[in-house]
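Let me begin by presenting the structure, written as structure tokens, before commenting on it.
Since this is a predicted model, take the numbers as computed values, not measurements. Proteins come first, then strands; the chains are lettered A, B, ... in the order of their sequence lines, and each starts at number 1.
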Amino acid sequence: MNISFKKIEKKWQDKWEKSKTFVVKKSKKKKYYVLEMFPYPSATGLHMGHALNFTIGDINARFRRMLGLNVLHPMGFDALGLPAENAAIKAKEHPQDYTKKSITYFTKQMRKLGFSYDWGRKVETTDPKYYKGDQWIFLKMLERGIAYRNKAPVNWCPKCNTVLANEQVVNGKCWRHEDTGVEMKYLEQWFFKITNYAEELYNETDKLDWPSRTKTMQKNWIGKSFGTEILFKINRKPWKIFTTRPDTIYGVTFMVISAQHPRLMELVTKKQQKEVEGFLKKIKLVSQKSIKEAEKLKKEGAFTGSYAINPLTNEKIPIYAGNFVVADYGSGMVMAVPAHDQRDFEFAKKYNLPIKEVISGGNIKKGAFTGEGKLVNSGKFNGINSKEAIEQITNDIKKKKLGKKTVQYKLKDWLISRQRYWGTPIPIIYCDKCGIIPVKEKDLPIKLPRNVKFGKGNPLTTNKEWIKVKCPKCGKFGKRETDTMDTFVNSSWYFLRYCDPNNNKIFDPKKANYWCPIDQYIGGKEHACMHLIYFRFYTKFLRDLGLLKFSEPAKKLFHQGVLYGEDGRKMSKSLGNVIDPLDAIEKYSADSLRLALMSFASPDSDTSWDAKVLAGSHKFLSKVYNYFNKNKIGKADQRTESKLNKTIKEVTNYIENFNYNLAIIKIRDLFNSLPNETSKDVLGKSLKLLHPFCPHITEELWNKLGNKKLISLEKWPKVDEKKIDKKFEQQEQTIEKLKDDINNIKKITGKKNPKVYVYVIPKDINLYQEPVKILNKELKLKIKVYTNNYKKKYDPTNKASKAKPNRPSIYLE
RNA sequence: GCGGAGGUAGCGAAGUGGUCAAACGCGGCAGCCUCAAGAGCUGCUCUCUUAGUGAGUUCGCAGGUUCGAAUCCUGUCCUCCGCACCA
């Protein structure tokens with residue numbers, strides 16, 4: 001029978017939309033906010049990863065809704081950003097038109113998948129009403145010293161004429177120009193002082209109900225380490241040096257300052273200038289990204305001509321510029337202890353610098369000894385264990401006011417400036433007289449001008465009309481900031497905007513505090529150290545502004561697995577292994593696709609696409625549909641009731657825990673075991689179990705059962721424990737075993753339609769009567785059961801004597 | 001180098017102390033149906049054995065704990081992923 005899934009699906013999608021089924025308001029019910037990370041729309045449309053992500057979210061949303069919660073399940077588009085701008089330029093379109101088209105396309109596809117979004121809450125970051133919020137928050141950050149301007153080394157592509165985000169540098173090359181090396185440049189940039197929140201972000205990570213892997217990644221990224229800050233005198237000025245090994249301070253034989261250090265040139269003497277400049281030139285093309293090929297990179301450097309004074313030994317120590325010291329960690333300069341640090345050791349070997357052993361236990365001729373040991377050559381600290389010496393030396397330094405115990409983070413302030421058009425304009429005006437002046441709140445939003453000419457770099461810089469603006473302070477003409485904000489700014493607070501997306505304010509704190517924090521956030525694990533840290537930071541900042549009453553944006557987080565192509569490789573156009581969700585829907589149906597996506601594997605594990613699973617899912621749904629066309633509605637037997645209730649229990653549990661694949665197995669099993677005649681109640685409850693996965697077909701069949709209301713808004717079935725009867729399970733096992741035995745004997749003997757005689761011991765007779773009846777029907781055989789002591793039984797070969805407890809004897813004729 | 005995940009029958013994938021030769025799906029094989037194919041239905045699918053209910057060998061590899069291990073412990077090999085010269 002040919003079922004028109006397409007018609008059915010369209011019918012219910014229309015119905016949901018018309019009757020505003022998924023529109024939510026504040027209510028007395030307990031709230032539940034489920035959110036999938038909003039997509040970055042592109043003209044190529046939704047990909048299978050999106051479909052997977054959103055399906056997981058939708059199942060969760062539909063399930064919670066049926067449980068009686070007030071479910072907020074919105075969707076939006078993260079549409080500002082560099083990739084869209086580049087794609088638009090390539091397509092010779094205006095980014096605005098390109099984005100609009102992409103969003104329309106995405107929306108259409110999402111509708112076809114039957115997601116239960118409250119579309120009235122759609123958020124688009126390209127909407128000036130939205131990015132006004134970015135600008136307002138920026139101004140608040142500026143007021144509080146969280147946003148600041150600073151000169152910093154950045155990745156620069158000479159061909160694009162623009163700064164690139166770290167993610168846009170691939171192996172030291174520009175992502176758009178594979179042959180172009182990225183350079184380091186010093187530019188005045190806007191930063192967000194996320195490091196102010198490093199401690200809180202770090203500490204609260206443990207409390208989150210998030211995947212542990214992500215939590216560790218975040219903690220590593222924030223990178224808290226305890227150490228000591230020691231003041232070394234250089235040219236009579238103190239320089240702070242961070243170390244985790246103050247116990248080795250007597251072994252310092254030189255210092256290394258980062259080649260990227262902004263104050264490097266202060267230390268370079270006239271005599272050494274040429275040498276240092278030569279060195280800097282040599283490493284200029286080595287961007288931060290390619291430094292990541294760490295092991296291969298040889299330690300290199302040049303003597304600056306300056307010396308530092310070791311505060312404990314008063315030794316004069318030469319300072320080198322080096323390529324292996326990170327400029328923005330610690331103080332960008334390290335005290336080098338070649339005897340006890342591998343990198344310092346390599347550097348010392350190369351430049352013939354002295355290696356002084358201060359911890360015993362290793363062989364410093366062979367290499368650095370980084371382990372624990374007793375101190376030697378360390379004055380009054382000789383003989384102390386190195387671990388203990390860390391404490392003692394730190395105390396000594398503190399007493400002498402030469403330093404203190406301190407904490408360092410790897411987390412760096414967030415560089416948000418982008419020399420690009422398609423982003424939120426930074427609301428700043430540069431005035432010759434007044435300096436850097438923030439735009440007044442009442443003048444927000446600063447809209448992106450529509451008229452721009454794309455050429456080299458940021459087209460805003462050549463838009464004279466837009467740039468020219470009156471200084472809010474003195475009234476004379478100044479210049480607008482032409483940099484725009486990093487796209488991650490947009491996604492840092494969008495979840496708040498969903499709570500009241502159409503107002504002219506930023507977001508409604510009252511509503512945000514009702515709906516938030518997000519109860520269940522769902523998205524890719526690749527965001528662990530970017531978006532998922534940024535939006536925590538924003539939440540904390542907005543809390544400190546007094547707008548939010550919570551400190552963490554998402555209580556629970558779920559990462560969907562990566563879905564690879566059928567060949568096990570990443571889906572990509574060039575490999576030709578991309579499966580388009582629309583094609584799958586076209587060929588089968590949205591419900592089939594949703595079911596298949598959840599059947600491959602546990603939704604959080606990486607897996608590959610399998611066309612057969614999709615076909616199989618479709619087959620199953622067809623079977624379900626056909627069953628509902630043929631079946632009779634009458635009374636439910638106890639066996640089915642028992643099975644149903646057991647399944648309700650299992651499925652509920654599985655869905656709670658995101659074991660969607662297992663839930664589906666149980667649901668399939670239930671439908672497969674439904675008898676031709678059963679009650680409306682059983683059928684309805686079975687449909688409800690399937691509904692979160694396959695909303696359309698269940699809506700259709702629910703309606704066919706004679707229900708007037710939507711299944712989408714029905715209550716999730718409750719388990720009736722009393723109806724779960726272990727007897728039936730036992731019977732099922734008995735049936736299986738008996739069936740196996742009969743089939744086996746049939747096979748061995750080759751008898752096709754035998755008469756079957758089953759002999760059981762008297763005690764077991766009750767256990768077998770029912771199963772034999774069922775098997776009679778199922779196998780279409782004549783099966784007779786006797787107790788083995790029954791005198792009138794038919795038993796030509798005396799099989800009956802072999803019957804044992806729980807082990808019937810069988811004769812086939 | 002640091003950190004994380006994982007290795008289960010032909011494949012995908014459940015299972016985390018006994019009820020495990022191990023759910024379920026796919027594939028394969030056989031039967032029914034049909035003029036035939038497909039679909040659908042039924043059964044089998046580690047090896048051997050047998051008119052069934054029996055035996056043997058399995059859950060990356062090697063040891064160990066236990067009356068008992070796919071499941072716990074130790075070591076080891078392999079795969080995938082993230083971070084990476086962070087002092």
Exercise. Using the test side chain to side chain donor-acceptor pair (under 3.5 Å), find all partners of A:R245 that sit at least two apart in sequence or belong to another chain.
Key: A:D247
Quiz item: What is the base-pairing partner of B:rC32, counting Watson-Crick and G-U wobble geometry with both distances under 3.5 Å?
Solution: B:rG40
Exercise. Mind checking A:V325 for me? I need base, sugar-phosphate or nothing, with any heavy atom below 4.0 Å counting as a touch.
Key: base
Quiz item: Are A:Y811 and A:Y759 an aromatic pair by the rule of ring centers under 6.0 Å?
Solution: no
Exercise. Grab the CG-P distance between A:N220 and B:rG4 for me, whole Å please.
Key: 8 Å
Quiz item: Checking A:D341 side chain against A:A336 main chain: does a donor-acceptor pair fall under 3.5 Å?
Solution: no
Self-check item: For A:H261, all residues meeting side chain to side chain donor-acceptor pair (under 3.5 Å), sequence neighbours excluded
Solution: none
Quiz item: B:rA70 pairs with which nucleotide, Watson-Crick or G-U wobble, both distances below 3.5 Å?
Solution: none
Exercise. Please give the nucleotide sitting opposite B:rA55 as a Watson-Crick or G-U wobble pair, both distances under 3.5 Å, or none.
Key: B:rU47
Quiz item: Counting any heavy atom closer than 4.0 Å, what does A:N743 reach on the DNA or RNA strands: base, sugar-phosphate only, or nothing?
Solution: sugar-phosphate
Self-check item: Given B:rA87, B:rC81, B:rA51, the nucleotide with the shortest approach to the side chain of A:F242
Solution: B:rA87
Practice problem: With heavy atoms under 4.0 Å as the rule, sort A:K739 into base, sugar-phosphate or nothing. | Solution: sugar-phosphate
Quiz item: What pairs with A:K349 under side chain to side chain contact (heavy atoms under 4.5 Å, CB included), at least two apart in sequence or on another chain?
Solution: A:F345, A:I355
Quiz item: Can the ring centroids of A:Y564 and A:W609 be said to lie less than 6.0 angstrom from one another?
Solution: no
Self-check item: Given B:rA39, B:rC44, B:rA87, the nucleotide with the shortest approach to the side chain of A:K619
Solution: B:rA39
Self-check item: Contacts of A:D764 that satisfy side chain to side chain contact (heavy atoms under 4.5 Å, CB included) - sequence neighbours left out
Solution: A:V760, A:I761, A:Y768, A:N806
Quiz item: Does B:rG12 have a Watson-Crick or wobble mate here (both distances under 3.5 Å), and if so which one?
Solution: B:rC24
Exercise. Remember a base hit wins even if backbone is also touched, and classify A:K799 as base, sugar-phosphate or nothing at under 4.0 Å, heavy atoms.
Key: nothing
Practice problem: Round to the nearest Å and state the distance from A:K666 atom NZ to B:rA23 atom P. | Solution: 12 Å
Practice problem: Could you work out the separation of B:rC48 and B:rC11 based on their C1' atoms and round it to a whole Å? | Solution: 25 Å
Quiz item: Which residues pass the salt bridge (charged side-chain N to carboxylate O under 4.0 Å, His left out) test with A:R213, sequence neighbours left out?
Solution: none
Quiz item: Which residue, A:S212 or A:Q408, contacts RNA chain B at a nucleotide closer to its 5' end, judged by nearest heavy atom?
Solution: A:S212
Exercise. Could you tell me which residues satisfy side chain to side chain donor-acceptor pair (under 3.5 Å) with A:H340, sequence neighbours excluded, listed by chain and number?
Key: none
Quiz item: Quick one: does NZ or CZ of A:K623 land under 6.0 Å from the six-membered ring centre of A:F671, within 45 degrees of the ring axis?
Solution: no
Would you tabulate the nitrogen or oxygen pairs shorter than 3.5 Å linking the protein to nucleotides 53-56 of chain B?
from   : atom 1 : to     : atom 2 : distance (Å)
B:rU53 : O2'    : A:R807 : NE     : 3.1
B:rG54 : OP1    : A:R807 : NH2    : 3.4

Exercise. Take A:I745 and A:R245, find for each the nucleotide of RNA chain B with the closest heavy atom, and name the residue whose nucleotide sits nearer the 5' end.
Key: A:I745
Practice problem: With heavy atoms under 4.0 Å as the rule, sort A:K525 into base, sugar-phosphate or nothing. | Solution: nothing
Quiz prompt | A:K240 NZ: over 12 foreign heavy atoms closer than 6.0 Å | solution = no
Quiz item: Hey, does A:D669 reach any base, or is it just sugar-phosphate, or nothing, if we go heavy atoms under 4.0 Å?
Solution: nothing
Exercise. Can you tell me, in whole Å, how much space there is between the P of B:rG6 and that of B:rC73?
Key: 13 Å
Practice problem: Name the pairing partner of B:rC61, where a pair is Watson-Crick or G-U wobble with both distances under 3.5 Å, or state none. | Solution: B:rG75
Quiz prompt | Nucleotide of B:rA23, B:rG4, B:rC41 approaching A:I665 most closely (side-chain heavy atoms) | solution = B:rA23
Quiz item: Base, sugar-phosphate, or nothing for A:K410, non-hydrogen atoms under 4.0 angstrom?
Solution: base
Quiz prompt | Nearest-Å distance for atom pair NZ/C1', residues A:K215 and B:rG82 | solution = 17 Å
Quiz item: Roughly, in whole Å, what's the span from CD in A:Q733 to P in B:rA23?
Solution: 14 Å
Quiz item: Rounded to whole angstroms, how far apart are NE2 on A:H559 and C1' on B:rC81?
Solution: 12 Å
Quiz item: When rounded to the nearest Å, what value does the distance between P atoms of B:rC80 and B:rC29 take?
Solution: 34 Å
Close N or O pairs between protein and nucleotides 10-18 of chain B (under 3.5 Å):
none

Self-check item: Partner nucleotide of B:rC83 by Watson-Crick or wobble geometry (both distances under 3.5 Å)
Solution: B:rG1
Can you tabulate the close N/O pairs, meaning under 3.5 Å, that link protein atoms to atoms of nucleotides 45-47 of chain B?
none

Self-check item: Nearest heavy-atom neighbours spanning A:S608 and A:F600
Solution: O-CD2, 3.9 Å
Quiz prompt | For A:T734, side chain to side chain donor-acceptor pair (under 3.5 Å) partners two or more places apart | solution = none
Self-check item: Phosphate contact (B:rA51 OP1 or OP2) by A:Y811 side-chain N/O below 4.0 Å
Solution: no
Quiz item: Taking only residues two or more places apart in sequence, or in another chain, which ones meet A:E300 in a salt bridge (charged side-chain N to carboxylate O under 4.0 Å, His left out)?
Solution: A:K282
Exercise. Check the distance between B:rU42's P and A:E736's CD and give it to me in whole angstrom.
Key: 12 Å
Quiz item: Of all the choices, B:rA87, B:rG25, B:rC44, which nucleotide is nearest to the side chain of A:K747 once you look at every atom?
Solution: B:rC44
Quiz prompt | A:K612 side-chain proximity, nearest of B:rA87, B:rG27, B:rC83 | solution = B:rG27
Quiz item: Given atom CD1 of A:I748 and atom P of B:rC44, what is their separation to the nearest angstrom?
Solution: 13 Å
Self-check item: Pairwise salt bridge (charged side-chain N to carboxylate O under 4.0 Å, His left out) hits with a residue in residues 593-617 of chain A, at least two apart
Solution: A:D58-A:R594, A:K525-A:D606
Self-check item: C1'-based separation of B:rU76 from B:rC83 [nearest Å]
Solution: 26 Å
Practice problem: Using atom CH2 of A:W239 as one end and atom C1' of B:rA87 as the other, report the distance to the nearest whole Å. | Solution: 16 Å
Self-check item: Short side-chain N/O contact from A:K746 to OP1 or OP2 of B:rU42, under 4.0 Å
Solution: no
